[in-house]
Q: 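Please see the structure below; I have some questions.
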Amino acid sequence: MTGGDAPDTGDIKIVRTAYTWNMLYVSTLKLGKGKYPMKLDKFVLAQNMAFLISIPPESNLAKLLSFCLATKARKKMTGTEILKITCELMENPSNLPYWTQDVMGLDLDYSSEEWKALGEMGINDAEEFMTTLWQELENLNL
């Protein structure tokens with residue numbers, strides 16, 4: 001499914017968008033000169049904040065994101081490397097138990113916060129957990 005021109009939303013106008021598998025890619029962005037002109041990084045932050053606010057707190061999606069927030073990567077690890085690791089989970093969701101262990105070990109330390117977040121995920125069946133997560137993601141009103 002692909003999009004095209006998007007309507008003007010005030011100071012921010014998304015000129016062209018493309019939608020694929022629940023992802024919105026902004027290829028061109030015009031930021032207004034209103035009272036608080038935004039740079040692209042602020043827009044991306046606002047977009048991510050809106051996504052997080054939309055997530056029900058007890059959902060599997062919220063539990064996975066809480067786990068991600070509890071983990072820490074090595075300082076020399078780039079964002080691209082972390083993105084590759086997260087994409088591996090998207091491609092192989094049944095590997096969730098192994099993936100969580102790999103992510104917990106990124107900083108070469110398994111902290112109590114990471115173990116707590118992992119336990120709160122309550123994973124008994126990785127495929128069921130991820131199937132529920134995909135459904136929750138589909139149901140978000142974004």
Q: Nearest 0.5 angstrom please: F129 CZ to K63 NZ, how far?
A: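 Spacing of CZ (F129) from NZ (K63) equals 6.5 Å.
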
Q: Between K72 and E114, what is the shortest heavy-atom contact and its length?
A: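 Closest heavy-atom pair between K72 and E114: N-OE2, 3.5 Å.
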
Q: Using side-chain heavy atoms (C-beta onward) and a distance below 4.5 Å, is L140 in contact with L61?
A: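 With C-beta onward as the side chain, the pair touches.
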
Q: Which pairs of donor and acceptor atoms, one on a side chain in residues 78-85, lie under 3.5 Å apart (sequence neighbours left out)?
A:
unit_1 : atom_1 : unit_2 : atom_2 : d
T78    : OG1    : E81    : N      : 3.1
T78    : OG1    : E81    : OE1    : 3.3
E81    : OE1    : T78    : N      : 2.7

Q: At what distance, to the nearest 0.5 angstrom, does CD of E113 lie from CG of L69?
A: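 Output value for this atom pair is 12.5 Å.
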
Q: For P97 versus S94, what's the shortest heavy-atom pair and its separation?
A: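 Smallest interatomic distance, heavy atoms only, reads CD-O, 3.7 Å.
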
Q: Could you measure the distance from the CD atom of Q101 to the CG atom of L118? Nearest 0.5 Å is fine.
A: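 So the gap between those two atoms works out to 6.0 Å.
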
Q: Is any side-chain heavy atom of T71 closer than 4.5 Å to one of L106?
A: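 No, side chains not in contact.
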
Q: If you measure from CD on E127 to CG on L96, what distance do you get to the nearest 0.5 Å?
A: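 CG of L96 is found 10.5 Å from CD of E127.
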
Q: Tell me, with the steps shown, if I123 and E128 meet side chain to side chain contact (heavy atoms under 4.5 Å, CB included).
A: CA-CA 9 Å; I123 303 168; E128 181 181 317; over 6 Å; no

Q: Do E136 and I55 come within less than 4.5 Å of each other through their side chains, counting heavy atoms only?
A: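 Result no, sub-4.5 Å side-chain heavy-atom pair not found.
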
Q: For N95, which residues count as a side chain to side chain contact (heavy atoms under 4.5 Å, CB included) partner, sequence neighbours excluded?
A: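 N95: side chain to side chain contact (heavy atoms under 4.5 Å, CB included) contacts with N92, Y98.
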
Q: Just verifying a value: how many Å separate L64 CG and T132 OG1, rounded to the nearest 0.5 Å?
A: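 These two atoms lie 12.5 Å from each other.
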
Q: Could you report the tightest heavy-atom contact between S111 and A70, atom names first, then the distance?
A: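 Closest approach of S111 to A70: OG-O, 4.4 Å.
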
Q: Among all residues two or more places apart in sequence or in another chain, which pass the salt bridge (Lys or Arg N to Asp or Glu O under 4.0 Å) test with K116?
A: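 Counting only residues at least two positions away or on another chain, K116 forms a salt bridge (Lys or Arg N to Asp or Glu O under 4.0 Å) with E120.
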
Q: Minimum heavy-atom separation for F67 to M121, with atom names?
A: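 Taking every non-hydrogen atom into account, CB-SD, 3.6 Å.
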
Q: Looking only at heavy atoms, which two atoms of S54 and A50 are closest? And how far apart?
A: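 Smallest interatomic distance, heavy atoms only, reads OG-O, 2.8 Å.
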
